[in-house]
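Note that the coordinates shown come from a computational prediction; the quantities given were computed from them, not determined experimentally. When a ligand or atom number is given, it counts from 1 through the structure's own listing order.
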Amino acid sequence: MKAGGFSVTLIESPDIRIIGVGEGTWPTMRSSLERMGVSETELFRHCEAAFKQGGKFAGWTTGAADDAYYHPLMVPQGFTQVNLVPHWLLTRRGETFCDYVSPQGRLCDAGLAPKTITSAEYQGLANYAYHLDAGKFAPFLARHCMEKLAVRHVLADVVQVDQDESGEIKGVLTRQAGEILGDLFVDCSGFSALLLGKTLGVGFKECRDVLFCDTALAVQVPFDSPDAPMASQTISTAYEAGWTWDISLPTRRGVGYVYSSAHQSEESARETLLRHIGREHKELPVRTIPIRAGHREIFWKRNCVAVGLASGFLEPLESSAIVLVELSAKLIAEQMPACREVMDIIARRFNEVTMYRFGRIIDFLKLHYVLTKRTDTAFWRDHVDPATVPERLKELLTLWKYQSPWFFDEFDRLEEVFPAASYQYVLYGMGFQTEVRPEETVASAPLASRMVRDNERMTAHMQSRLPRNRELIEKIQQYGLQPV
Ligand SMILES: Cc1cc2nc3c(=O)[nH]c(=O)nc-3n(C[C@H](O)[C@H](O)[C@H](O)COP(=O)(O)OP(=O)(O)OC[C@H]3O[C@@H](n4cnc5c(N)ncnc54)[C@H](O)[C@@H]3O)c2cc1C
């Protein structure tokens, strides 16, 4: 650490490729990029960026042809003032929970963008995140960090990690650039966890007993025509032993099948993927990516903190990996130890928060599986086995039979990754039953009615104003958005 500030060196192997498949992000990405001084227009121009307004989950509940629900990015109308769940449960007229409380499912169905060309950068009428080409996004960010944020970028292979007698990391020896010394080392070496795992010996806690998927097959599918409609939601479709992600970028779709090898052979999984993308694409190259679901036992040890895949990975069902990178990077920046003396205190707090976050993501991902009514394959039957459900989630599911999750339940921690709104969308999207006593809705009925009307009005307003997804992306690439 230098007096009066810090210098940051990014060491990256010229030969070891990035994983290159993280294509779905969270709305947090907008504030992260804005804070870093990245232009949103440039993001659209250089990273194949597209809008993401949530996830559409098909086939998760019954597997029937019309089985689908949305987990949108907008919280239910009036969420901090009134819980609309009991009102929907009592009065619904065939309307989905998502449509009752938010415009976003209908915007996605209509293929609309979340903003217009006159919206300023990072501002939108509807909440949004991005789909992007990970292979383009990483070098785009690296370039920005070098040119605008004075990060030193060293293209070199780390071949040895040097520790002092107390076990602290002193420096890393690289093949091309010699020894590079430092005070704090951020291990972002991907699945290899070169510093925290291999050097400092921090163990890995698997969670395959809860989440079974351990392999991904990834493929890039071209559009049939350059003006083909683009979904502005990630589409996750459930299959016999896993699920596919389907992400629309301006020039192609990024598709992958994430499955459990204990329940399906790779040959059969490739058939499932082909069923999803269509046999006409059978010659496209498919990448097999092994997934080890779990996380490090701790994330910050001595003067080394792991971020990204080095810290752990859970199946990408809710795109929860890059957001963890953002949250960890923000926390490290905000809590940057002023001296070695305070580093262990900060490390302990970082470990607590990150462990909590991983735990809650595991719970939330498992929720998508435990609510299924599918019994067609062992994969789905095994997922509802109570022995595979975390205790905390079991307890909450019992509670939610009698009261729905709401914002001031226990989901109000600052470090919460999935708020109660997310639980509402998944629970009631998948037909969970919460018992409602009519008298409990009486006091809030006028406010609830107003919010429902507001939602209808807002939906109509957005439907009339918002352009189609592809149309707006092309305009942004051509003319740009107004800088903030
Ligand atoms: C199938 C799959 C789908 C995913 N989908 C999503 C998604 O939709 N949304 C989401 O948020 N996340 C997703 N992720 C996770 C996401 O891709 C990662 O969290 C994100 O890309 C960050 O990866 P990383 O930088 O930690 O690791 P990597 O991308 O693996 O980068 C590791 C870096 O370390 C360098 N390195 C390694 N060893 C050395 C060495 N010895 N010397 C020097 N450099 C070294 C490499 O060169 C590379 O630059 C997905 C992951 C997988 C596997």
Side-chain angles (χ1 to χ4, degrees), residues 9-29 32 47 50 52 55 129-139 141-142 153-161 172-177 180 185-199 213-220 233-236 242-249 253-259 269 273 286-296 299 305-329 358 361 365 417:
T9 302
L10 168 65
I11 306 167
E12 193 175 11
S13 165
D15 301 316
I16 304 170
R17 286 178 51 191
I18 58 164
I19 191 89
V21 276
E23 297 186 322
T25 63
W26 277 26
T28 48
M29 184 56 81
S32 294
C47 303
K52 169 178 169 179
Y130 308 104
H131 290 143
L132 34 81
D133 182 329
K136 293 186 174 159
F137 185 52
L141 280 186
H153 191 192
V154 178
L155 278 177
D157 290 292
V158 172
V159 287
Q160 186 182 305
V161 181
V172 291
L173 183 65
T174 67
R175 185 173 294 128
Q176 298 88 339
I180 298 173
F185 290 82
V186 181
D187 185 349
C188 43
S189 60
F191 284 132
S192 66
L194 201 59
L195 275 64
L196 192 79
K198 291 211 173 101
T199 305
C213 291
D214 61 355
T215 313
L217 300 175
V219 61
Q220 299 186 349
Q233 71 276 9
T234 303
I235 304 166
S236 302
W243 56 274
T244 50
W245 78 78
D246 196 325
I247 284 179
S248 289
L249 303 184
R253 282 152 63 205
V255 181
Y257 180 45
V258 182
Y259 70 98
L273 180 64
V286 174
R287 237 177 105 195
T288 304
I289 305 165
I291 291 174
R292 193 176 169 208
H295 52 80
R296 294 278 143 202
F299 308 93
V305 52
V307 171
L309 299 177
S311 67
F313 181 63
L314 304 167
E315 61 184 81
L317 183 58
E318 285 279 2
S319 308
S320 54
I322 296 173
V323 65
L324 270 188
V325 173
E326 293 170 66
L327 291 170
S328 296
F358 266 104
I361 296 172
L365 298 185
V417 186

Using atom types as modelled and distance alone, determine if a side-chain donor or acceptor of [X] lies under 3.5 Å from a backbone N or O of [Y].
X	Y	answer
Ser328	Val325	no
Lys52	Thr25	yes
Thr174	Ala156	no
Asp187	Leu196	yes
Trp26	Leu324	no

Can you sort out which atoms of ligand 1 are near Gly308, meaning under 4.0 Å from one of its heavy atoms?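 In order of number, 26 (O).
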For Glu23, the ligand 1 atoms whose distance to one of its heavy atoms is below 4.0 Å: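 The list of qualifying atoms is 7 (C), 8 (O).
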Looking only at protein heavy atoms, identify the closest one to [atom] and say how far it is in Å.
atom	value
atom 20 (C) of ligand 1	Ile322 CG1, 4.3 Å
atom 48 (C) of ligand 1	Ile18 CG2, 3.9 Å
atom 26 (O) of ligand 1	Leu309 N, 2.8 Å
atom 51 (C) of ligand 1	Phe313 CZ, 3.2 Å
atom 37 (C) of ligand 1	Ser189 O, 3.5 Å
atom 6 (C) of ligand 1	Gly22 CA, 3.4 Å
atom 44 (N) of ligand 1	Ser13 N, 3.0 Å
atom 33 (C) of ligand 1	Cys188 O, 3.5 Å

Heteroatom proximity flag, Ala310 to ligand 1, N/O under 3.5 Å: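 No, Ala310 has no N/O under 3.5 Å of an N/O on ligand 1.
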If you measure every N or O of Arg17 against every N or O of ligand 1, does any of those distances drop under 3.5 Å?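 Such a contact does not occur with ligand 1.
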Option whose closest heavy atom lies nearest to [atom], chosen from [options]:
atom	options	result
atom 10 (C) of ligand 1	Pro316, Gly24, Gly256, Gly20	Gly24
atom 42 (N) of ligand 1	Val158, Ile289, Leu195	Val158
atom 21 (O) of ligand 1	Val161, Ile291, Thr174, Ile19	Ile19

Without placing hydrogens or testing angles, list every side-chain donor-acceptor pair under 3.5 Å for residues 288-295, not counting sequence neighbours.
from, atom 1, to, atom 2, distance (Å)
Thr288, OG1, Glu266, OE2, 2.9
Thr288, OG1, Arg270, NH2, 3.2
Arg292, NE, Glu206, OE2, 3.1

So, for [X] and [Y], which heavy atoms are closest and what is the spacing to 0.1 Å?
X	Y	value
Ser248	Arg253	OG-CG, 4.0 Å
Phe299	Ser311	CE2-O, 3.5 Å
Ser189	Ala310	N-CB, 4.2 Å
Tyr257	Gly242	OH-N, 3.5 Å
Ala50	Leu249	CB-CA, 4.4 Å

Heavy atom of [X] under 4.0 Å from ligand 1?
X	result
Asp157	yes
Ala134	no
Thr25	no
Ala156	yes
Leu194	yes

Indicate, as side chain, backbone, both or neither, the part of [X] found under 4.0 angstrom from ligand 1 when only non-hydrogen atoms are considered.
X	result
Ala218	neither
Ile247	neither
Ala216	side chain
Trp245	side chain

For the ring pair Phe137 and Tyr130, is the centre-to-centre distance below 6.0 Å?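 That pair fails the under 6.0 Å test.
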Among Ile235, Leu273, Leu217, Val286, whose side-chain contact (heavy atoms from CB on, under 4.5 Å) with Val255 holds?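 Among Ile235, Leu273, Leu217, Val286, the one that satisfies the side-chain contact (heavy atoms from CB on, under 4.5 Å) with Val255 is Leu273.
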Sequence-distant partners of Ile16, side-chain contact (heavy atoms from CB on, under 4.5 Å), two or more places apart: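 Ile16 satisfies side-chain contact (heavy atoms from CB on, under 4.5 Å) with Ser13, Asp157 once adjacent residues are dropped.
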